[in-house]
Engineer: 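Take a look at the following structure, please.
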Amino acid sequence: MDNLRPILYLSLVFLLFLIWQAWRVDYGPQPQFDPQRAEATLNGQEFRDDVPDAPTSEAMDAPVGMDPVSAADRQRIRVVTDTLDVIIDTRGGDLVRADLLTYPVSLKQPDNPVRILDERLRDYVAQSGLIHDRVPGIEHADRAPSHHAVFRAERTEYRMEDWQDELVVPLTWESEDGIRVTKTYTFRRGDFLVDIGHQVENNSDATWTGRQYRQLRHGPTPDRESWFLYTFTGAALYDGKYIKESLEDLGRNVQDRNISAGWISIIQHYFLTAWVPHADEVNLLYSRAIGTPERPQYIIGLRSEPVSIAPGAADELQSRIWIGPKAQQPLSEIANGLELTVDYGIFTVLAKPLFWLLRVIHDFVGNWGWAIIILTLMIKLVFYKLSETSYRSMAKMRAVQPKMVALKERFGDDKQRMNQALMELYKKEKINPLGGCLPILIQIPVFIALYWVLLESVELRQAPWIFWIQDLSIRDPFFVLPLLMGASMIAQYKLNPAPMDPVQQKIMMALPIVFTVFFAFFPAGLVLYWLVNNLLSIAQQYYITRQIEKAANGKGGGKK
């Protein structure tokens, strides 16, 4: 086996990994639409089949019909804190827009915050409401405000002042028979977690029996921003285990079922929106597709267990929603499994400790770029012995290359005798043909895990290193790092004996060019890791090769 094959294997595995990620998006499950579950209202944009069914043991499930609401009957309430700038629609008290004030779109647009919820462009909203159970003898439709009901608000704008640590936004609704509901949003300073409560005051003559629900609604999956970098946009939920589904597959793959200590979310690169019930709740998980074939929308939601409130009594149904970054530490403190939305894929078991170590290093040095370099050095030290075995095998192969060339000239096209002679040569020189392959192959999972750490961690978003690299999460603007990385691959190639096979020679010479093109569009943090790893590998390989050559020269001189 040629000693350059390990590098070829590693390169091909990584390229296949990238191609597989792209294939999943381009040729994976396509959007599905179920016309049986969709019912548009008169204006073609509001949907009736987007409220969970009111349970009963006597009635068939049916959507709750609501009359269209004119624009004059609804208001938009703006709420601004130090972290969030949101719009609440008084129709349902829905969150229809949310900007993250501490996360600008780019360093070139510092005053333009990232927008997560966006009703107009992506049909992306967070909805919550109440439904009344179908109780015999009681007209249930008008005894609880769903997200179609219109609330009243005292003001149209709320701002968190410097002296405030908490901002409370109340909305009220009242039925004709005396059911009064106050929907309250509670925002806290420095936090992306918002508390939402529905206080129900039963001033009617009959017991109120109802449930709260929370749901996320989104239009079709947005187009991918980059062919080279695949990141998931879709639904994620937790019911004891972490599950991801594309938006288009929600209605088909997510079966209605009860879950406890679970949550639902819609995730995208770096950010998410998640409904997080309290830990002791049991909820019905549901999903559905609504809209029209031309404008489909997808819903994932949770419906709580029933609460009964006697006439003259009051009670409150509570929930929480996270609208913010996929920051692992705060997410892990909110609910079990919520930090898994930072999706490292099948290599999570390796990626999580790598990120933990990277964060510890960053806390010490204060710069994510230097933290990546130090982490790369530490990984290189861990695999030093394995790499040494590989490089010694390569160096020995380099030393006997003249003999291999002589064998090729001697046996010509007789491949059987050529291979037999090579095996005898390997045995005589004590060379393991697989010695260069296995050590590198063992390191591939660690490399891919680190790839996901650098790609998925919001902590590295817009993090500077030095000089022109002011954002490690985007490509090098001047392509300096990719060009240096390509040059380092050429240097590695020169340190190894050239393959005897002309085809392999051409492939190995082309790989640095191919990888330079690929890495030109990769985040600078990833290219920095690969470049530093290459430089350390070159240094180690050069040192070992010199040692082998000196030993060989000394042995030869002694024989004379």
Side-chain angles (χ1 to χ4, degrees), residues 18 21-22 25 78 80-87 96-122 124 190 192 218-219 221-234 266-273 322-328 330-331 341-343 355 358-359 362 366-372 451-485 517-531:
L18 296 176
Q21 293 285 9
V25 177
R78 186 181 182 189
V80 182
T81 71
D82 61 326
T83 57
L84 293 168
D85 183 349
V86 305
I87 298 294
V96 296
R97 198 189 78 187
D99 295 341
L100 308 184
L101 298 180
T102 53
Y103 287 87
V105 170
S106 69
L107 293 176
K108 295 180 180 180
Q109 305 177 65
D111 298 326
N112 186 12
V114 167
R115 177 164 295 175
I116 299 185
L117 298 174
D118 191 345
E119 182 183 38
R120 293 184 177 179
L121 293 182
R122 294 189 290 167
Y124 186 12
F192 296 97
H218 200 295
T221 301
D223 292 335
R224 209 167 20 145
E225 294 182 0
S226 170
W227 189 90
F228 293 93
L229 297 175
Y230 168 74
T231 56
F232 179 78
T233 297
I266 289 181
I267 62 176
Q268 61 193 73
H269 195 199
Y270 295 133
F271 306 103
L272 82 155
T273 305
W322 175 275
I323 312 168
K326 293 194 288 189
Q328 296 184 55
L331 291 178
T341 53
V342 184
D343 191 2
F355 174 76
L358 183 65
R359 187 173 59 190
H362 171 264
N367 182 285
W368 286 106
W370 294 117
I372 291 172
Y451 165 89
W452 280 116
V453 167
L454 300 179
L455 181 65
E456 276 287 307
S457 301
V458 70
E459 289 81 358
L460 273 73
R461 184 180 183 271
Q462 298 179 0
W465 179 37
I466 56 174
F467 305 133
W468 71 98
I469 303 296
Q470 293 300 309
D471 187 350
L472 289 165
S473 68
I474 63 174
R475 65 174 178 81
D476 182 337
F478 302 112
F479 304 107
V480 176
L481 289 179
L483 291 173
L484 291 175
M485 188 275 301
V517 172
F518 264 88
F519 276 70
F521 300 94
F522 275 28
L526 282 172
V527 186
L528 178 62
Y529 161 75
W530 190 287
L531 172 62

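This chain uses plain numbering: 1 for the first residue, then up along the sequence.
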Engineer: So do the side chains of V80 and L101 get within less than 4.5 Å of each other, counting heavy atoms only?
Structural biologist: yes
Engineer: Rounded to the nearest 0.5 Å, how far apart are CZ of F521 and CZ of F479?
Structural biologist: 6.0 Å
Engineer: Would you check if the side chain of W368 reaches a backbone N or O of E459 as a donor-acceptor pair within less than 3.5 Å?
Structural biologist: yes
Engineer: Answer yes or no: is there a donor N or O on one side and an acceptor on the other, between the side chain of H269 and the main chain of L455, under 3.5 Å?
Structural biologist: yes
Engineer: Kindly determine whether V86 and R78 satisfy side-chain contact (heavy atoms from CB on, under 4.5 Å), including the steps that lead there.
Structural biologist: CA-CA 6 Å; V86 305; R78 186 181 182 189; over 6 Å; no
Engineer: Taking the side chain as everything from C-beta on, heavy atoms only, tell me whether Q268 gets closer than 4.5 Å to I116.
Structural biologist: yes
Engineer: Ignoring hydrogens, what is the shortest heavy-atom contact between P482 and A520? Give both atom names and the distance.
Structural biologist: CG-CA, 3.7 Å
Engineer: Under the side-chain hydrogen bond (donor to acceptor under 3.5 Å, both in side chains) criterion, do W452 and D343 qualify, and how do the steps go?
Structural biologist: CA-CA 8 Å; W452 280 116; D343 191 2; over 6 Å; no
Engineer: For residues G525 and L454, report the shortest heavy-atom separation together with the two atoms involved.
Structural biologist: O-CD1, 3.7 Å
Engineer: For S457 and Y270, does a side-chain donor sit closer than 3.5 Å to a side-chain acceptor?
Structural biologist: no
Engineer: Just so I know, are the side chains of F192 and L100 near enough to count as touching, which here means a heavy-atom distance under 4.5 Å?
Structural biologist: yes
Engineer: Below 4.0 angstrom, N of the basic side chain to O of the carboxylate: do R97 and D118 qualify?
Structural biologist: no
Engineer: Tell me the closest heavy-atom pair linking Q109 and P104, and the distance in Å.
Structural biologist: O-CB, 3.6 Å
Engineer: Can you find a pair of side-chain heavy atoms, one from I323 and one from L117, that are under 4.5 Å apart?
Structural biologist: yes
Engineer: Nearest 0.5 Å, please: how far is CG in L107 from CD in Q470?
Structural biologist: 7.5 Å
Engineer: Are the side chains of L472 and I372 in touch, meaning some heavy atoms are under 4.5 Å apart?
Structural biologist: yes
Engineer: Let me see the working for F522 and D476 under side-chain contact (heavy atoms from CB on, under 4.5 Å), right down to the final yes or no.
Structural biologist: CA-CA 8 Å; F522 275 28; D476 182 337; over 6 Å; no
Engineer: Just verifying a value: how many Å separate R115 CZ and R122 CZ, rounded to the nearest 0.5 Å?
Structural biologist: 9.5 Å
Engineer: Locate the shortest heavy-atom distance separating L526 from F519; write the atom from each residue and the value.
Structural biologist: O-CE2, 4.4 Å
Engineer: Who passes ring pair (Phe, Tyr, Trp, His ring centres under 6.0 Å) against F355, sequence neighbours left out?
Structural biologist: none
Engineer: What do you reckon, are the aromatic ring centroids of F271 and Y103 less than 6.0 Å apart?
Structural biologist: yes
Engineer: Using 0.5 Å steps for rounding, measure from the CG atom of L358 to the CG atom of L460.
Structural biologist: 6.0 Å
Engineer: Applying side-chain contact (heavy atoms from CB on, under 4.5 Å) to I266 and L272, what does each step give before you reach the verdict?
Structural biologist: CA-CA 6 Å; I266 289 181; L272 82 155; over 6 Å; no
Engineer: Using 30° and 60° as the class boundaries, would you call the ring planes of H218 and Y124 parallel, tilted or perpendicular?
Structural biologist: tilted
Engineer: When you measure from the side chain of D99 to the backbone of P113, do you find a donor-acceptor pair of N or O atoms at a distance under 3.5 Å?
Structural biologist: no
Engineer: Do D471 and W465 pair up side chain to side chain, a donor and an acceptor below 3.5 Å, judged on atom types alone?
Structural biologist: no
Engineer: If you compare all heavy atoms of P477 against all heavy atoms of I469, which two are closest, and at what distance to 0.1 Å?
Structural biologist: CD-CD1, 4.5 Å
Engineer: Quick one: does any side-chain atom of D82 pair with a main-chain N or O of G190 as donor and acceptor, under 3.5 Å?
Structural biologist: yes
Engineer: Side chains of P523 and R475, heavy atoms from C-beta outward: is any pair under 4.5 Å?
Structural biologist: no
Engineer: Of all heavy-atom pairs between K326 and V342, which one has the smallest distance, and what is that distance?
Structural biologist: O-CG2, 3.2 Å
Engineer: Sequence neighbours excluded, which residues qualify as side-chain hydrogen bond (donor to acceptor under 3.5 Å, both in side chains) partners of T341?
Structural biologist: none
Engineer: How far does CZ of R461 sit from OG of S106, to the nearest 0.5 angstrom?
Structural biologist: 8.5 Å
